[in-house]
Amino acid sequence: MAIETRKRILTGIRPTGSLHLGHYAGALKQWITLQEEYECFFLIADYQVSDYVDDIDHVRRSVWEVALDWLSVGLDPQRGHYVIESQVPQHAELTALLSWYLPMGPLRKNPTLKSEMDILEQTKKSVPVGFFIYPLMQIANILLPRADLVPVGDDQLPHIELTRDVAERFNRETGVEVFPLPKPRLDTVTRLVGLDGAAKMGKSAGNAIDLKDDAETVRKKVMSMFTDPNHLRKEDPGKVEGNPVFIYHDAFNPDVDDVANMKEHYQRGGLGDVDVKKKLVVAINNLLDPIRERRAHYEARPKEVQEALEAGCAVARTVAEETMVDVRAALKLDYFVRGRP
Ligand code: TRP
């Protein structure tokens, strides 16, 4: 077997449903490029589901959906590793041990966690500790394979900062350089608005195009998209900025010249929404066609999906145990190596 020399990436996603174009534009597209250069650990974070404990079956189904979506978009399980968090129990062990090195103050002040907690507290009677410590679990996710880079959206940046702090503190206080300090990788990605123009595309918001939508579903969804509300007649000049249909053209239509022409025409007046949408239907379906083809392949071969997951988890467990041997030694918890003190 070839010795692995690529730098490591870890990135993750919560298994809460199948993936949509927002995931594709905001993350998957970059991951596909990154897998060429880096050894990637693609994590399905099924510990981070404290908001779904009353529907674990949904989580279980979603784990498979996510794996299927990943295979469909072309994340190669031969190059990278598909990992289910719960199938690598070292995640739990490291979470417990790293909790010693994460003070309450910085966790409480983490702005991403704070705003998510505020929302939860308004909608639920109580917030589980498991939710409060999800950034800690995420720190363990990143440090377990000793990742060098973490590609994330800017909302996740506070978590990476905490990860660096915890790694640094662990190394300093034990006197052993167990963890490299991971760096965030912020690519300029498209934050895709919803079909309704809402800031975010989301399954629960019902404003998403799923990667597994068929051509007719895509057509219907695109034809019902929000555009410029003041563009009432075809002859009127229309607005392009902030217009979801043009945001999507920028994201998914490879014919940049035609997109530029359409924008100019739309702003001048005389170009109808229906025509712009019809072209968008074609662009999105062209993007999704090869994804659908691969999906059909794997839908018919569930064993290959399972193999991808099992193989990835096996690699992750090996790598995790290497790290944990060093962690336990640094903390002098390797009782039977050291013997009675
Ligand atoms: N919390 C991340 C999200 O909701 C998902 C995630 C879990 C993650 N573990 C991770 C992201 C580790 C980066 C690294 O998007």
Side-chain angles (χ1 to χ4, degrees), residues 7-20 22-31 34-35 38-52 59 62-63 65-67 69-70 75 80-88 90-92 94-95 98 102 107 110-117 119-120 128 130-167 179-187 189 191-192 200-204 208 312-313 316 319-320 323:
K7 281 195 174 240
R8 277 190 186 152
I9 276 187
L10 180 129
T11 189
I13 207 161
R14 299 193 322 131
T16 58
S18 48
L19 305 182
H20 52 61
H23 294 112
Y24 182 82
L28 300 174
K29 202 172 157 208
Q30 285 65 45
W31 297 5
L34 292 170
Q35 69 179 347
Y38 298 93
E39 182 187 18
C40 293
F41 290 79
F42 301 118
L43 181 81
I44 305 177
D46 66 340
Y47 282 171
Q48 277 190 27
V49 294
S50 64
D51 46 343
Y52 279 86
V59 172
S62 300
V63 168
E65 284 293 327
V66 167
D69 282 326
W70 284 355
L75 289 179
H81 316 297
Y82 284 26
V83 186
I84 305 173
E85 185 175 29
S86 64
Q87 302 310 296
V88 184
Q90 288 89 345
H91 281 122
L94 188 57
T95 298
L98 290 181
L102 176 63
L107 183 58
N110 181 308
T112 298
L113 179 65
K114 216 172 161 179
S115 64
E116 290 165 340
M117 293 265 287
I119 296 169
L120 264 190
F131 187 85
F132 181 60
I133 66 163
Y134 96 76
L136 174 61
M137 295 197 259
Q138 193 153 324
I139 290 169
N141 294 159
I142 296 166
L143 294 183
L144 195 55
R146 301 192 239 221
D148 302 290
L149 276 180
V150 188
V152 285
D154 46 13
D155 61 317
Q156 299 289 306
L157 272 183
H159 302 337
I160 314 294
E161 247 170 72
L162 273 190
T163 307
R164 292 171 60 87
D165 292 347
V166 168
F179 299 117
L181 303 191
K183 290 194 187 68
R185 178 168 165 136
L186 268 178
D187 290 286
V189 295
R191 284 211 157 225
L192 208 60
K200 232 175 142 182
M201 183 179 268
K203 195 172 199 63
S204 48
C313 291
V319 166
T323 302

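As the structure lists them, so they are numbered: ligands from 1, and atoms in each ligand from 1.
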Report summary line: Partner of Gln138 under side-chain hydrogen bond (donor to acceptor under 3.5 Å, both in side chains), picked from His159, Gln156, Glu85, is Gln156

Report summary line: of all protein heavy atoms, closest to atom 2 (C) of ligand 1 is Gln156 OE1, 3.5 Å

Report summary line: Honestly, for Gln48 the part within reach of ligand 1 (heavy atoms, under 4.0 Å) is side chain

Report summary line: Val88 and Leu144 have their tightest heavy-atom pair at CG1-CD2, 4.1 Å

Report task. Please report the closest heavy-atom contact between Ile44 and Ala67, naming both atoms and the distance. Result -> CD1-N, 4.4 Å

Report summary line: In short, Gly202 meets His20 closest at the heavy-atom pair CA-NE2, 3.9 Å

Requested in this report: Considering heavy atoms of the protein only, find what lies nearest to atom 5 (C) of ligand 1 and give residue, atom and distance to 0.1 Å.
Outcome: Gly12 O, 3.6 Å

Query raised in the report: What protein heavy atom sits nearest atom 1 (N) of ligand 1, and how far away is it?
Result: Gln138 OE1, 2.9 Å

Query - Heavy-atom nearest neighbour in the protein, as seen from atom 9 (N) of ligand 1, with distance rounded to 0.1 Å - result: Asn141 OD1, 2.9 Å

Query raised in the report: Counting from 1, what ligand 1 atoms have a heavy atom of Ala45 closer than 4.0 Å?
Result: 7 (C)

Query - Per-atom contacts of ligand 1 with Leu10, taking only distances under 4.0 Å to non-hydrogen atoms - result: 12 (C), 14 (C)

Query raised in the report: What class does the angle between the rings of Tyr82 and Phe42 fall in, given that below 30° is parallel, 30 to 60° is tilted and above 60° is perpendicular?
Result: perpendicular

**Report entry** No-hydrogen, no-angle side-chain donor-acceptor test under 3.5 Å, Ser86 and Asp46
**Finding:** yes

